[in-house]
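These notes are about the structure you will find just below.
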Amino acid sequence: MKDQKIYSVQSIGNQWPTLDPFLFTAHHKEIYPKGNEDMSISVPLEGRNIGSDFSGKDGFSMYHGRKIPGFPYHPHRGFETVTIVEEGLADHSDSLGSAGRFGEGDVQWMTAGAGVQHSEMFPLLNTEEENPLELFQIWLNLPRKDKMAAPSYKMLWHEDIPIVNEKDEEGNEINVKVIAGDYLKQQPLSPTPDSWASEVSNKVAIWRVKLSPNAVWNIPQDSAEVNRVIYFYRGDSIEVEDRSVDKNSLFHINPTESISVKAGDTDAYVLLLQGVPINEPVAQHGPFVMNTKEELQEAFADYQRTEFGGWPWDKKEMVHDKGKGRFALHADGVLEEK
């Protein structure tokens, strides 16, 4: 197996399988209709399982939202989320009193650690036209020693995220958005302090790559201990070494080899996830990820007793004022505005 360049290939939908140290990735691509003045949806919702609508009917899902799409408050413990909003906006609120609105390429890095409640809602600000949304949420595990770390979150604003622009031998363009892990000596922004990615030796990388038509991207080599997967999620086709696909697919690839990726006749988009595995037992139930069943039971008991600080906001489906731009209010009162 070590001599292979591609270990496996499989088709993917909206929920992507991952390898240790990652747990799961969700890709949301929605075309929401125009919104009402209160940022709720303006069209009838008959025929949907409101409260748990993953139907994709008419080009969008409401998820757990009832009037505004998204994910009303819910708990997490024992892992972290990296949320990339490439198009549209997301509103964040949590049990620590933090809040924010982010999108247009921004990334939110949240370490749930010992436990936090948060909501992620998709406000429909445009009342005249459609409200498209593209969002990735990546679940990254924490090792046993950090599962009870203090919760924290950090914004990586798109204006600050490095993008490496390359050209292949034919002059075709490749753009690599460096969210985590250095790329061709380009350093990323720092993650949260207790993240598995905060230790350079864990070699965590999250790169979003855009290839222009017929461009060839050569993925640089790394060490054998790394798990490396690329996800082709938009475009008419790509060719990875000698394997061609014309539908969304993942490729589990050998990190010690330089792998070539060639776009088809349209722009191709790829997400690369890699990292040194944590190599610990995983006990997961919904939003709790621990090492043992006993720790899961303790997590449920702690949540029932404390609600991880409770919910300080007046709505379960919390959205912020319509007139607000992109911002982040942190638990210590520090405010960032964009």
Side-chain angles (χ1 to χ4, degrees), residues 13-16 24-76 79-110 112 116-127 129-139 151 153 155 286-287 307-308 310-329:
N14 297 328
Q15 299 182 357
W16 302 349
F24 166 82
T25 294
H27 178 214
H28 302 283
K29 178 67 173 170
E30 321 287 338
I31 304 294
Y32 289 113
K34 64 183 182 180
N36 295 316
E37 286 301 320
D38 63 357
M39 294 169 283
S40 64
I41 205 147
S42 64
V43 299
L45 296 175
E46 285 82 2
R48 297 174 182 269
N49 182 17
I50 296 302
S52 187
D53 171 34
F54 290 74
S55 66
K57 184 174 181 285
D58 301 325
F60 68 91
S61 297
M62 291 295 290
Y63 300 105
H64 297 309
R66 295 185 173 275
K67 294 182 178 179
I68 298 172
F71 297 85
Y73 78 85
H74 55 282
H76 288 301
F79 67 104
E80 46 192 341
T81 59
V82 182
T83 305
I84 307 165
V85 182
E86 285 291 285
E87 186 176 23
L89 293 164
D91 277 5
H92 166 86
S93 308
D94 68 34
S95 54
L96 304 176
S98 303
R101 172 169 289 164
F102 64 103
E104 302 171 4
D106 299 329
V107 177
Q108 184 204 68
W109 201 302
M110 187 184 80
V116 68
Q117 288 195 76
H118 77 142
S119 68
E120 302 152 304
M121 304 303 298
F122 310 142
L124 306 182
L125 273 71
N126 197 326
T127 58
E129 298 177 355
E130 293 175 331
N131 289 271
L133 176 81
E134 184 171 33
L135 178 152
F136 303 86
Q137 186 165 92
I138 301 162
W139 288 21
Y153 100 101
M155 285 307 310
E307 294 187 336
F308 296 158
W311 189 245
W313 308 96
D314 60 359
K315 303 186 193 80
K316 293 181 179 179
E317 300 186 10
M318 185 62 194
V319 291
H320 306 302
D321 291 346
K322 186 176 180 181
K324 288 194 75 68
R326 294 152 53 233
F327 77 98
L329 173 65

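For this chain, numbers begin at 1 and follow the sequence in order.
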Taking all non-hydrogen atoms of both residues into account, name the closest pair between [X] and [Y] and its distance.
X	Y	value
Leu135	Ala90	CD1-CB, 4.5 Å
Met318	Met121	O-CG, 3.4 Å
Val319	Pro123	CG1-CB, 4.2 Å
Arg48	Ser55	NH1-OG, 3.4 Å
Asn36	Ser42	OD1-CB, 3.4 Å
Ser119	Lys316	CB-O, 4.1 Å

CG/Asn49: more than 12 non-hydrogen atoms of other groups inside 6.0 Å: yes

Please determine whether the number of non-hydrogen atoms from other residues, nucleotides or ligands lying under 6.0 Å from atom NZ of Lys67 exceeds 12. no

Taking atom types as modelled and ignoring hydrogens, do the side chains of [X] and [Y] form a donor-acceptor contact shorter than 3.5 angstrom?
X	Y	result
Glu30	Tyr63	yes
His27	Gln15	no
Gln108	His92	yes

For the residue pair [X] and [Y], establish whether any side-chain heavy-atom pair is separated by less than 4.5 Å.
X	Y	result
Met110	Val116	yes
Leu125	Met39	yes
Leu124	Ser40	no
Thr127	Glu37	yes

Plane angle bin for Trp313 and His320 - parallel if under 30°, tilted between 30 and 60°, otherwise perpendicular: perpendicular

Do the ring planes of Tyr73 and Trp311 sit parallel (below 30°), tilted (30 to 60°) or perpendicular (above 60°)? parallel

Is any NZ, NE, NH1 or NH2 atom of the basic residue among Glu130 and Lys34 found under 4.0 Å from an Asp or Glu carboxylate oxygen of the other? no

Face-on cation placement of Lys57 at Phe60 ring, 6.0 Å and 45° thresholds: no

Test Phe102 against every option in Thr83, Val107, Leu89 by the side chain to side chain contact (heavy atoms under 4.5 Å, CB included) rule and name the one that passes. Thr83

For His28 and Phe54, I'd like to know if the aromatic rings sit close, meaning centre-to-centre distance below 6.0 Å. no

